[in-house]
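Below are the structure tokens for one structure; questions will follow.
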Amino acid sequence: MPDLKLSPEVAWALATGGPWPDPATRTGDEHFMAEALQEALKGVGLASPNPPVGCVLVKEGRILGRGVHTRAGDPHGEIMALRDAEARGEDPSGATAYVTLEPCCHQGRTGPCTMALIQAGITRVVVGVRDPNPRVDGGGLAILRAQGLSVQEGVLGEACGRFHAPFFKLIRTGLPWVTLKLALGSDGSLGPAGQSTQVTPPEVQQWAHALRRASEAIVVGRHTIEVDDPQLTDRWPAPTAPHRSFARVVMDQGGQISPKARVWQPVAGQPVFRAVIGDPTPLRGVEDLRLPPDGRGCSLRHLLHELAARGVGRVLVEGGGTLAAGFLAQNLVDEFHRFQSDLPAGGHSLTLCLPSAWKFSSSARWDTGRWEIWR
């Protein structure tokens with residue numbers, strides 16, 4: 001697979017599980033499902049713990065409406081597409097709905113999308129992948145078929161399944177999707193011990209913020225805070241919805257980090273948490289996540305459960321070789337984003353034991369390095 005040229009657009013695609021099918025290179029049902037996936041991308045980082053389902057309504061080869069689910073409790077992608085069609089003065093009766101995930105068929109905080117499609121006069125529904133939620137799991141498709149709608153599933157199924165994998169994991173395990181990101185020199189090092197080292201150039205660091213925007217929480221170790229003194233904020237350039245919350249989590253089991261560290265400073269919409277064992281001295285404006293020990297520090301599995309209970313569906317682990325090794329050793333990582341520079345960083349080489357089942361997925365190149373993804 002050839003390297004892509006790294007750009008903001010490519011960075012966002014890679015951060016959300018892509019690259020994704022290009023609608024311009026597809027025809028028929030695949031073309032419109034690729035369009036639905038492009039809509040779905042707009043909900044990443046906003047919809048958790050719900051899936052960011054994308055939908056387009058098509059009649060006679062023309063898109064009537066587009067929609068995406070962007071907030072738990074708000075209308076789903078199918079409803080948003082119907083509203084978009086109405087706002088455009090379009091009649092959806094007789095149209096085909098292309099949906100990245102099986103339409104829901106139960107009453108939650110919103111009504112069932114199956115009923116909305118039926119009442120709107122949709123005659124055909126094309127689905128990317130089934131919803132494994134026990135409250136759906138084929139039931140939505142069965143209802144649509146029972147009402148006389150034509151249903152086809154599995155169109156761009158691999159891509160839709162990959163896109164919705166974080167939601168599938170949350171439903172099946174109760175744990176959020178975990179992305180590990182490390183920037184390494186050509187020598188496999190994060191840099192000299194105790195020294196802040198910029199392995200990648202500023203523009204690549206900025207594009208790497210796509211990984212933060214695609215997540216609802218970031219986790220780093222204590223030494224990262226002590227050496228780099230980061231704020232850990234989401235600085236992706238595109239604006240985001242006011243309801244977005246990005247949790248900053250610091251592993252500080254003994255409460256040793258200075259209260260003057262920049263990470264503790266309040267940032268609107270980006271709360272900060274301290275993962276601790278026991279009862280260290282509280283910090284003003286910082287919520288402590290009191291976790292049990294696991295022999296190496298705070299229990300990482302318990303941390304993930306705590307974050308899932310707060311509606312976090314995607315977690316980015318972005319700092320510290322020890323923390324990275326801990327997540328990998330406990331088989332808690334779902335994908336690894338390695339920013340590999342062509343230049344040495346000058347420290348000790350980091351040994352990473354990736355799961356044997358993982359495969360190289362995709363990559364993008366900048367002038368002096370390569371962004372690689374393993375899943």
Side-chain angles (χ1 to χ4, degrees), residues 1 12-14 16-44 47 50-70 75-82 84-85 90 92-105 112-118 120-133 136-169 171-172 361-362 375:
M1 180 184 300
W12 181 244
L14 296 181
T16 53
W20 304 111
D22 181 357
T25 66
R26 305 286 175 143
T27 59
D29 286 343
E30 288 194 354
H31 168 78
F32 292 114
M33 186 59 73
E35 290 280 4
L37 269 170
Q38 290 301 310
E39 285 301 306
L41 287 172
K42 300 173 184 176
V44 176
N50 289 354
V53 177
C55 175
V56 297
L57 305 177
V58 179
K59 183 159 52 174
E60 297 176 351
R62 189 168 59 88
I63 294 179
L64 308 182
R66 300 171 179 269
V68 58
H69 181 53
T70 58
H76 293 180
E78 298 93 321
I79 309 301
M80 297 302 291
L82 289 169
D84 184 44
E90 301 282 5
S93 62
T96 296
Y98 292 84
V99 193
T100 59
L101 184 67
E102 176 183 6
C104 67
C105 55
C113 292
T114 49
M115 186 57 62
L117 294 172
I118 293 165
I122 299 297
T123 56
R124 181 170 180 251
V125 178
V126 180
V127 173
V129 66
R130 285 198 182 199
D131 185 347
N133 185 337
V136 185
D137 198 13
L141 302 180
I143 288 173
L144 294 171
R145 289 187 173 114
Q147 292 296 315
L149 279 72
S150 172
V151 175
Q152 182 174 352
E153 58 179 306
V155 174
L156 295 187
E158 186 278 330
C160 291
R162 180 161 32 94
F163 177 77
H164 288 299
F167 171 68
F168 294 169
K169 181 188 178 186
I171 284 292
R172 289 167 172 154
S361 173
S362 53
R375 296 185 176 98

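For reference, positions follow the sequence shown, starting with 1.
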*Do the non-hydrogen side-chain atoms of H164 and V53 ever get within less than 4.5 Å of each other?*
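Yes, side chains in contact.
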*Quick one: pull up SG in C55 and CG in L82 and give me the separation to the nearest 0.5 Å.*
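With rounding to 0.5 Å, SG (C55) is 7.0 Å from CG (L82).
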*Taking side chain as C-beta onward, heavy atoms only, is Y98 less than 4.5 Å from V125?*
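They are not in side-chain contact.
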_CD-CD1 distance between Q147 and I143, expressed to the nearest 0.5 angstrom_ =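 If we round to the nearest 0.5 Å, Q147:CD and I143:CD1 are 8.5 Å apart.
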*Taking the side chain as every heavy atom from C-beta outward, state whether V126 and F32 have any pair of such atoms under 4.5 Å apart.*
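The answer is no; the side chains never approach within 4.5 Å.
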*asked:* When you compare the side chain of E30 with that of V155, does any pair of heavy atoms fall below 4.5 Å?
replied: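 Sidechains of E30 and V155: in contact.
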_Quick one: does any side-chain atom of R26 pair with a main-chain N or O of M33 as donor and acceptor, under 3.5 Å?_
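Not confirmed, R26 side chain does not pair with M33 backbone.
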*How far apart are the closest heavy atoms of A85 and L57, and which atoms are they?*
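It is CB-CD1, 4.2 Å.
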*Taking C-beta and beyond as the side chain, do H76 and C104 meet within less than 4.5 Å on heavy atoms?*
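Yes. Closest side-chain heavy atoms under 4.5 Å.
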*Starting at CD of E35, measure out to CD1 of I63 and round the result to the nearest 0.5 Å.*
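Taking CD in E35 and CD1 in I63, the distance rounds to 4.0 Å.
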*Evaluate the side-chain proximity of P52 to H69: yes if any heavy-atom separation is below 4.5 Å, no if none is.*
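Counting from C-beta outward, H69 and P52 never come under 4.5 Å.
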*Compare every heavy atom of L37 with every heavy atom of P21, then report the nearest pair and how far apart it is.*
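For P21 versus L37, the nearest heavy atoms are CD-CD1, 4.1 Å.
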*asked:* For a quick test of reading the model, state the closest non-hydrogen atom pair linking T16 to F163 and the distance between them.
replied: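 For T16 and F163, the tightest heavy-atom pair comes out as O-CD1, 4.1 Å.
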*asked:* Could you check whether any side-chain N or O of T100 sits under 3.5 Å from a backbone N or O of G54, counting only pairs where one atom can act as donor and the other as acceptor?
replied: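 Yes, because the side chain of T100 sits within donor-acceptor range (under 3.5 Å) of the backbone of G54.
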_Reported CG-to-CD distance for the pair L101 and E78, which is rounded to 0.5 angstrom_ =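 Between atom CG of L101 and atom CD of E78 there are 8.0 Å.
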*Under the side-chain hydrogen bond (donor to acceptor under 3.5 Å, both in side chains) rule, what do Q38 and R66 come out as? Steps first, then yes or no, please.*
CA-CA 10 Å; Q38 290 301 310; R66 300 171 179 269; over 6 Å; no
*Should P103 and L117 count as side-chain neighbours, where that means a heavy-atom distance under 4.5 Å?*
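In short, these two side chains touch, coming nearer than 4.5 Å.
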*asked:* Is there a salt bridge (Lys or Arg N to Asp or Glu O under 4.0 Å) between E90 and K59? Walk through the geometry before answering.
replied: CA-CA 10 Å; E90 301 282 5; K59 183 159 52 174; over 6 Å; no
_Closest non-hydrogen atom pair between G157 and V129, with its separation_ =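 Closest approach of G157 to V129: O-CB, 4.5 Å.
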*Kindly compute the distance separating CG (L64) from CG (D84), expressed to the nearest 0.5 Å.*
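One finds 9.5 Å between CG of L64 and CG of D84.
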*asked:* Which heavy atom of R162 sits nearest to which heavy atom of G18, and what is that distance?
replied: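 Distance-wise, the nearest heavy atoms are NH1-CA, 3.6 Å.
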*Side chain of E102, backbone of G140: donor and acceptor closer than 3.5 Å?*
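Yes.
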_Which atom of L141 lies closest to which atom of V127, heavy atoms considered_ =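 Smallest interatomic distance, heavy atoms only, reads CD2-CG2, 3.7 Å.
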*Would you say F167 and N50 make side-chain contact, with heavy atoms under 4.5 Å?*
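Not touching, per the 4.5 Å side-chain cut-off.
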_Separation of T96 OG1 from D29 CG (nearest 0.5 Å)_ =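 If we round to the nearest 0.5 Å, D29:CG and T96:OG1 are 7.5 Å apart.
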